[in-house]
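Take a look at the structure set out below.
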Amino acid sequence: MAARGHVQDPNDRRLRPIYDYLDNGNNKMAIQQADKLLKKHKDLHCAKVLKAIGLQRTGKQDEAYALAQEVAALEPTDDNSLQALTILYREMHRPELVTKLYEAAVKKVPNSEEYHSHLFMAYARVGEYKKMQQAGMALYKIVPKNPYYFWSVMSLIMQSISAQDENLSKTMFLPLAERMVEKMVKEDKIEAEAEVRRFEQEKLTSELQSRENKCMAMYKKLHRWPECNALARRLLLKNSDDWQFYITYFDSVFQLIDESWTPPAEEEHSLEGEVHCSIEQAVSFIEERISEESKSSRPLRGPYLAKLELIRRLRRRGCNDEYKLGDPEELMFQYFKKFGDKPCCFTDLKVFVDLLPPSQYTKFIRQLLDVIPLAAAAENEVALPGDIKALQQHLCVVQLSRLLGIYHAMEKKQKLAVVRELMLRYRHGLEFGKSCLKTELQFSDYYCLLAVHLLLDLWLEGEEAAVWQCLTLLEEGLSHSPSNAQFKLLLIRIYCRLGAFEPVSELYSSLDM
């Protein structure tokens with residue numbers, strides 16, 4: 001448990017076995033060890049809280065809560081008890097109790113930087129922005145560090161965002177936050193020139209973006225399609241990777257076409273500038289964005305996806321072939337070659353697979369596999385990726401294969417062979433994640449997930465043995481990626497279907513939501 005890293009109490013040696021049992025998931029032994037310790041040391045509050053954590057994880061929530069409140073009523077100020085209670089309340093989904101805990105601690109130890117910062121974070125978790133502001137300033141008065149001052153500024157901005165009264169937001173919260181920052185600048189308390197520049201840039205950018213987004217929303221609401229189109233076009237010229245602007249641009253173009261709108265002969269097209277009101281202009285504009293992207297130092301996905309979106313919209317209108325935008329299969333293939341090593345490639349392409357005819361699915365998958373650098377150690381062995389980029393490319397193709405139903409059409413023996421291959425790839429991929437933290441996911445986790453889904457398909461088709469293999473693979477996956485929520489959710493689903501509810505409580509508790 002996280003608390004142990006901060007324990008300075010002489011009782012640490014006595015408490016350590018309980019921590020170890022809880023860390024290893026042996027909650028019953030943790031409770032027994034806590035009971036033994038409490039017989040000898042009745043006033044060891046942390047032992048009571050650790051016992052409560054064990055009770056909570058074994059489904060005895062009422063007992064756990066009663067024990068926790070017994071300790072909380074004493075208003076403890078030792079790190080062990082406070083951090084253990086924080087963990088317990090988080091697992092109980094009662095973050096508001098953490099605020100009361102640290103409010104009491106701050107009253108007893110008013111000059112503690114640590115307790116004040118914990119109190120601020122506790123308020124942040126429950127959205128108490130006014131109290132966050134007060135806690136931030138109180139902390140700054142005790143320890144005058146710039147970050148604490150800006151915590152208070154940030155709290156004002158959060159009050160502005162969450163305020164139901166927009167006038168209050170504009171006239172009080174935002175101006176006050178601005179004056180606080182300006183005060184720091186004038187008093188020369190900003191520690192780096194970069195902080196000033198960042199503040200000025202963010203302020204200007206925020207104001208511009210706010211104005212543009214509000215204008216866009218207003219134009220849409222009023223069906224002012226010429227202004228909507230011109231503004232979206234102008235914003236795409238500044239940033240050709242913003243997907244929401246492409247959608248607005250296409251929506252407005254086709255609305256104008258449907259309304260047979262034409263620009264005025266002598267006046268400005270619209271309040272926002274030039275308007276595109278024909279398919280030819282839209283096609284030309286997207287081709288120009290792709291051409292500009294090729295000169296960019298950073299590859300941009302937006303223009304290429306916009307071309308596929310335009311093809312889809314033209315197909316719905318039955319007029320795609322006239323504009324020679326290209327074959328969607330080839331465009332998706334080229335997109336994969338350019339961005340296939342990014343985890344987002346699958347989610348980008350899955351939106352457009354309906355542009356492919358079903359007869360081309362297998363050919364398309366083979367085409368993608370052919371460009372992935374895989375190497376087999378020996379003949380007839382599975383060809384494996386040599387680096388993370390190749391692994392991501394192959395994972396994208398495997399996910400597309402599942403999406404296109406290629407695995408669904410297989411016989412039972414073929415599916416089991418695919419499961420074996422996926423798990424081989426999963427275990428090989430663990431080599432690339434040796435340096436990953438416990439809170440990070442392994443690069444190859446999706447292989448394990450896909451293997452489990454194939455086995456679940458077989459189970460639902462009547463193959464009873466498949467479910468036990470599912471559990472084995474998911475537990476294996478969880479041992480390497482303890483933070484993988486998908487593994488946990490699938491385990492919960494399967495255990496519930498089997499009527500095995502004891503492991504479910506602990507899995508739910510471990511989901512950090």
Side-chain angles (χ1 to χ4, degrees), residues 192-213 216 229-250 253 273-274 276 281-312 325-353 355 367-368 371-373 385-397 399-400 432-433 435-436 440-441 443-444 446:
E193 185 185 347
E195 288 183 22
V196 182
R197 283 204 306 271
R198 193 183 307 121
F199 165 65
E200 290 170 345
Q201 288 169 358
E202 286 177 0
K203 182 182 168 187
L204 181 61
T205 305
S206 174
E207 285 174 359
L208 286 171
Q209 285 179 343
S210 176
R211 181 256 172 199
E212 287 161 346
N213 289 336
M216 190 82 82
N229 177 270
L231 181 56
R233 176 188 158 279
R234 190 152 49 81
L235 292 171
L236 284 168
L237 289 172
K238 288 183 191 174
N239 177 13
S240 61
D241 204 34
D242 197 313
W243 186 245
Q244 64 170 329
F245 297 147
Y246 280 112
I247 296 301
T248 304
Y249 175 79
F250 290 137
V253 165
E274 185 185 339
H276 287 175
Q281 285 176 308
V283 170
S284 175
F285 182 68
I286 297 304
E287 295 289 8
E288 284 168 14
R289 301 284 63 73
I290 291 173
S291 177
E292 287 294 318
E293 189 281 335
S294 63
K295 300 171 190 172
S296 171
S297 58
R298 181 175 67 90
L300 304 176
R301 294 148 46 221
Y304 299 99
L305 295 172
K307 192 171 189 177
L308 288 164
E309 177 65 19
L310 184 54
I311 290 172
R312 197 220 307 267
L325 278 164
D327 176 24
E329 184 181 340
E330 179 60 25
L331 292 173
M332 283 192 268
F333 175 61
Q334 293 302 328
Y335 185 86
F336 176 80
K337 283 169 67 176
K338 198 171 182 70
F339 300 105
D341 60 342
K342 298 184 184 298
C344 60
C345 185
F346 169 69
T347 51
D348 288 344
L349 289 181
K350 77 173 185 179
V351 182
F352 300 106
V353 293
L355 297 174
Q367 194 180 13
L368 299 183
V371 296
I372 303 173
D387 56 30
I388 295 168
K389 285 189 173 184
L391 182 145
Q392 290 288 5
Q393 285 178 308
H394 191 268
L395 260 180
C396 178
V397 177
Q399 290 176 90
L400 284 168
F432 302 121
S435 61
C436 287
E440 294 176 323
L441 305 186
F443 296 107
S444 59
Y446 268 104

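Count residues from 1 along the sequence.
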Checklist entry - Is the closest side-chain heavy-atom distance between Gln367 and Glu329 below 4.5 Å? => result yes
Phe336 side chain reached by Val371 side chain, heavy atoms, under 4.5 Å = yes
Exactly one candidate in Tyr249, Phe250, Phe285 meets side-chain contact (heavy atoms from CB on, under 4.5 Å) with Leu310; the answer is Phe250
Checking Val351, Leu331, Ile286 against Leu308 for side-chain contact (heavy atoms from CB on, under 4.5 Å), the one that qualifies is Leu331
Non-hydrogen atoms of [X] and [Y] that approach each other most closely:
X: Gly386; Y: Ala390; answer: N-CB, 4.3 Å
X: Gly326; Y: Ile311; answer: O-CD1, 3.9 Å
X: Leu368; Y: Ile372; answer: O-CG1, 3.5 Å
X: Arg298; Y: Asp241; answer: NH1-OD2, 4.2 Å
X: Leu236; Y: Asp242; answer: CD2-O, 3.8 Å
X: Gly273; Y: Ala230; answer: O-CB, 3.7 Å

Could you check whether [X] pairs with [Y] (Lys NZ or Arg NE/NH1/NH2 to Asp/Glu carboxylate O, under 4.0 Å)?
X: Glu292; Y: Arg289; answer: no
X: Arg301; Y: Asp348; answer: yes
X: Glu287; Y: Lys307; answer: yes

Please indicate whether Tyr446 has more than 12 foreign heavy atoms, meaning atoms of other residues, nucleotides or ligands, lying under 6.0 Å from its OH. no
No-hydrogen, no-angle side-chain donor-acceptor test under 3.5 Å, Gln334 and Tyr304: no
Mind running side chain to side chain contact (heavy atoms under 4.5 Å, CB included) on Tyr335 and Phe352 for me, showing each step along the way? CA-CA 12 Å; Tyr335 185 86; Phe352 300 106; over 6 Å; no
Sorted by chain and residue number, the ring pair (Phe, Tyr, Trp, His ring centres under 6.0 Å) partners of His394 (sequence neighbours excluded) come out as Tyr447
